[in-house]
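Only one structure is covered here, and it is reproduced in the block below.
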Number of protein chains: 2
Amino acid sequence: MTEDGPRRQARGMRRIASILDAAATLFTAAGYDATTTNAIASAAKISPGSLYQFFPNKPAIAEALTARYVDDLNAIYDHALAIGPGDPAAASKTIDQLIEALVAFHAANPAAKALLGGAGISPDLARITTPLHGAMCDRAEDVVAAIAPTLTPRERARTAEVCIHIVQALMPMILAAPAAARPEASNELKRALVGYLLTPP
Amino acid sequence: MTEDGPRRQARGMRRIASILDAAATLFTAAGYDATTTNAIASAAKISPGSLYQFFPNKPAIAEALTARYVDDLNAIYDHALAIGPGDPAAASKTIDQLIEALVAFHAANPAAKALLGGAGISPDLARITTPLHGAMCDRAEDVVAAIAPTLTPRERARTAEVCIHIVQALMPMILAAPAAARPEASNELKRALVGYLLTPP
DNA sequence: ACAGAATACGAGCCGATGCTCGTATTTGGC
DNA sequence: GCCAAATACGAGCATCGGCTCGTATTCTGT
């Protein structure tokens, strides 16, 4: 599973980081498809040839960047699950805290939307990100299980899927809001989630 | 506002329709960006040169297709608004009927997701579809006003925005479900909307 | 029937883009 | 200090995609 490329020296590690930083900036501005590998190299202040010393092709860049984000998101889910296993009244608290963390994450890593945003991503990018995105869905299921333990596995899976889609749908609205209005926008997301989870079928 | 192109004959009208049909099919399968104009011409069984007798460029094709969909959606909103102006108990009924109509529309026109799906669309496509999408948001506001007349204009706008995003987020899940499970999936969307609208801030 | 407009063709232009290749320089272990 | 490996360069290749252009055919109004 680990990379079997050349043995990187410190300089190479730094280059890889700066390439991913540059790619993140450009992906945020124009999306994956519209971002040129030459533009990434240029933004990272290296030549196109140098870029391909570290990544075999364009999707590999997206993959490495996505892996970064998946690590962060796993930590967020770990934290959310560690908090609320006790009493059922903590459910709302868990949602609160999870949403705050996710908003902070996406505010700090705006390119994640371009890579993990479920809808409208190009076919070859989907091939890269879909498995990683699937792993995130499993984590969300764990959180749903902690909040609503009485659901059947089938119901739980669907509920988690709906919650993920709602979060993904409203996150851009929250991030687009001016910083002052952001808490209000976050509240709308929490309302939508709590409303959905508490409304009987 | 009306087109000032050459005076179309019946043959030309048919060609335009078949081009849009072909484009819809390809957009559904691969999205706007990944679909070639040559592929559209080929699918419509005409040459690339003929295609450009009817459309000045690629975005114009997306624009014409979007206009089709906007007409249909306007009719759907008109119908929803005509039904429920009477009693407040009709709110849930209005949502029910509107969701059914929207699901039927997207099932019949799967390419609409690739053109109007808010997230992840390319810059030049956004330039085309954003104004039309904005008009749809205004219509949704009217529906929200009919359902919850006590909201301030500011609250109403935000509520409509949230509802639109929720619908857009869950629609792909509904359409991806096998036909037998589709009513159940639609119910999840209705639950999410009703839950959001009825949960106090 | 005739003229002009609309429709149709398809090879190919032109710019863009992912990526390569030969070569030069720097680094780190011995 | 030496040498192999890692890093760096950037002009340019191969391909692809939107679109054009010269030309041929079909329709429509009169």
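Letters go in sequence order (proteins before strands), and every chain restarts at 1. The basis for the numbers below is simple: all heavy atoms, side chains too, and nothing from hydrogens, waters or symmetry mates.
Taking atom CD1 on I19(B) and atom C1' on dA8(C), their separation rounds to 11 Å, with Å as the unit. When the P atom of dG17(D) is taken as reference, atom CG of L51(B) falls 15 Å away, rounded to whole Å. Spacing between atom CE of M13(A) and atom P of dT27(C) amounts to 17 Å, rounded to whole angstrom units. Remark: P of dT17(C) and OH of Y52(A) are 12 Å apart, rounded to the nearest angstrom. Protein atom CD1 of I61(A) is 11 Å distant from nucleotide atom C1' of dC19(C), rounded to whole Å. We find that CD1 of I16(A) is positioned 10 Å from P of dA8(D), with the value rounded to whole Å.
R191(B) has a carboxylate O that lies under 4.0 Å from a charged side-chain N of E188(B), or vice versa, which qualifies the two as a salt bridge. Classification of R127(A) and E63(A) as a salt-bridged pair fails, no side-chain N sitting under 4.0 Å from a carboxylate O.
Counting only heavy atoms from C-beta on, R8(B) has its side chain closest to dT7(C) among dC19(D), dT7(C), dG18(C). Of the candidate nucleotides dA8(D), dG18(D), dT20(C), dA8(D) has the atom nearest to the side chain of Q53(A). With dT26(D), dT20(D), dT26(C) as the choices, the nucleotide that has an atom nearest any side-chain atom of R11(A) turns out to be dT26(C). With dG18(D), dG18(C), dC9(D) as the candidates, the nucleotide lying closest to the side chain of N38(A) is dG18(C). When the nucleotides dA8(C), dG18(D), dC9(D) are ranked by their closest atom to the side chain of S47(A), dC9(D) comes out on top. Picking from dA8(D), dA6(C), dC19(D) the nucleotide with the shortest atom distance to the side chain of K58(B) gives dC19(D). Of the candidate nucleotides dG18(C), dA8(C), dT20(D), dG18(C) has the atom lying nearest to any side-chain atom of T37(A). Minimum atom distance to the side chain of Q9(B) is reached by dC27(D), of the listed dC19(D), dC9(C), dC27(D). Minimum atom distance to the side chain of S50(A) is reached by dA8(D), of the listed dA6(D), dG17(D), dA8(D).
Note that the CG atom of L115(A) and the OH atom of Y32(A) stand 9.0 Å from one another [nearest 0.5 Å]. We find the CG-NZ distance between D33(A) and K58(A) to be 6.0 Å, quoted to the nearest 0.5 Å. Note that the CD1 atom of I40(B) and the CG atom of L51(B) stand 6.5 Å from one another [nearest 0.5 Å].
The side chain of R15(B) contributes an N or O atom lying less than 4.0 Å from OP1 or OP2 of dA8(C).
Summary of the strand contacts: A10(A) and G12(B) both lie near DNA chain C, and taking for each the nucleotide with the nearest heavy atom, the more 5' one is attributed to G12(B). Nearest-nucleotide assignment on DNA chain D puts the 5′-proximal partner with K45(A), out of N57(B) and K45(A).
Note on I46(B): only backbone sugar-phosphate atoms sit closer than 4.0 angstrom, heavy atoms only; bases stay farther off. Within the nucleic acid shown, S42(B) has no heavy atom closer than 4.0 Å to any nucleic acid atom. Within the nucleic acid shown, G49(A) comes within 4.0 Å of at least one base atom, counting heavy atoms only.
No more than 12 heavy atoms of other residues, nucleotides or ligands shown are found within 6.0 angstrom of NZ on K113(B).
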